[in-house]
Amino acid sequence: MTTQVPGTTPGPVETMFAADEASRRLGIELLEHGEGTAVLRMTVTASQVDGDRIAHGGHVFLLADTAFACACNSHGPVTVAAGADIDFVAPAYEGDGLVATARERVRFGRSGVYDVSVVRGDEVIAEFRGRSRILRAQKEEPQ
């Protein structure tokens, strides 16, 4: 996996993540990325737990979805989610450090399938599967 080397031009993952206000405001950090892969981290905060004092599933999903986005955009063309599913395996709590690791399973045509594991240490918190679609290049409007 690679990380941004200081003084170099940002690649597609760094550019996309830098513009992702939602993920960055939740404290998500891009740790590593490579072709078809990404590793991100988030610490569950008090504002991210639900009425039962466990991490809200939407925040866990957002962490996994952000890792998915970084992995599927690593190839360069703008790629979006065509769909995604998540299985919540164990609860996470305030203060827990969660790590999401995304791996490309297959790319075909303009589509792809990616798996993301969200863990707390060695314990699996959630398993996510995302389906991606490369956007067609938009034609420029005449000036």
Side-chain angles (χ1 to χ4, degrees), residues 1-140:
M1 291 195 180
T2 59
T3 55
Q4 176 70 29
V5 177
T8 62
T9 303
V13 174
E14 292 92 2
T15 301
M16 181 200 67
F17 190 74
D20 185 346
E21 271 305 301
S23 296
R24 287 185 302 101
R25 284 182 182 242
L26 288 174
I28 294 175
E29 302 169 82
L30 175 62
L31 301 179
E32 301 174 30
H33 66 87
E35 196 166 308
T37 64
V39 180
L40 287 83
R41 176 177 51 212
M42 177 183 84
T43 300
V44 178
T45 65
S47 66
Q48 296 170 330
V49 297
D50 63 19
D52 295 319
R53 307 308 303 159
I54 60 176
H56 192 288
H59 290 286
V60 176
F61 186 98
L62 189 139
L63 171 63
D65 186 54
T66 303
F68 161 56
C70 289
C72 68
N73 277 280
S74 66
H75 299 289
V78 175
T79 305
V80 297
D85 299 295
I86 193 165
D87 291 303
F88 298 106
V89 178
Y93 301 96
E94 182 180 347
D96 285 352
L98 304 180
V99 175
T101 302
R103 294 180 248 348
E104 182 177 276
R105 303 300 299 155
V106 65
R107 287 174 56 211
F108 51 100
R110 291 177 33 228
S111 300
V113 177
Y114 294 77
D115 287 336
V116 182
S117 292
V118 178
V119 299
R120 173 186 50 226
D122 293 332
E123 183 180 13
V124 175
I125 299 299
E127 290 290 339
F128 171 105
R129 173 157 278 190
R131 296 169 302 283
S132 68
R133 187 75 172 164
I134 296 172
L135 294 181
R136 291 187 191 275
Q138 295 184 7
K139 295 180 182 178
E140 290 192 28

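Side-chain atoms of Thr37 never come within 3.5 Å of backbone atoms of His33 as a donor-acceptor pair (strictly under, hydrogens ignored). Side-chain atoms of Asp96 never come within 3.5 Å of backbone atoms of Leu98 as a donor-acceptor pair (strictly under, hydrogens ignored). The main-chain N or O of Glu29 is never found under 3.5 Å from a side-chain atom of Arg41 such that the two would form a donor-acceptor pair. A donor-acceptor contact shorter than 3.5 Å links the side chain of Arg24 to the backbone of Ala18.
The two residues Glu94 and Ala46 make their nearest non-hydrogen contact at OE2-CB, 3.5 Å. Taking each heavy atom of Ala126 and Val60 in turn, the nearest pair found is CB-CG1, 3.9 Å. Arg120 approaches Pro91 most closely through the heavy-atom pair NH1-O, 3.0 Å. Closest approach of Val116 to Ala64, counting heavy atoms only: CG2-O, 3.8 Å. The minimum heavy-atom distance linking Gln48 with Thr43 is given by the pair OE1-O, 3.4 Å.
With rounding to the nearest 0.5 Å, the separation of CD1 in Ile134 from OG in Ser111 is 8.0 Å. Rounding to the nearest 0.5 Å gives a distance of 8.0 Å between CZ of Phe61 and CZ of Phe88. Expressed to the nearest 0.5 Å, how far CD1 of Ile54 lies from NE2 of His59 amounts to 12.5 Å. Going from atom CG of Leu63 over to atom CD1 of Ile28 covers 5.0 Å, rounded to the nearest 0.5 Å.
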Donor-acceptor contacts, no H, no angles, side chain residues 66-77, under 3.5 Å, sequence neighbours left out:
residue, atom, partner, partner atom, Å
Thr66, OG1, Ser23, OG, 2.8
Thr66, OG1, Leu62, O, 2.8
Asn73, OD1, Thr79, N, 2.9
Asn73, ND2, Ala69, O, 2.9
Asn73, ND2, Thr79, O, 2.9
Ser74, OG, Gly34, O, 3.4
Ser74, OG, Gly36, N, 2.7
Ser74, OG, Ala71, O, 2.7
His75, ND1, Arg107, NH1, 3.0
His75, NE2, Glu104, OE1, 2.6
His75, NE2, Arg107, NH1, 3.4

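For the pair Thr101/Arg103, a side-chain contact is recorded, criterion being any heavy-atom separation below 4.5 Å from C-beta on. Residues Tyr93 and Val44 fail the side-chain proximity criterion, which asks for heavy atoms closer than 4.5 Å.
A 6.0 Å sphere centred on CZ of Arg105 holds no more than 12 heavy atoms belonging to other residues, nucleotides or ligands.
Taking a cutoff of 4.0 Å between a charged side-chain nitrogen and a carboxylate oxygen, Asp87 and Arg129 do not qualify as a salt bridge.
With sequence neighbours left out, Arg25 forms a side-chain hydrogen bond (donor to acceptor under 3.5 Å, both in side chains) with Glu21.
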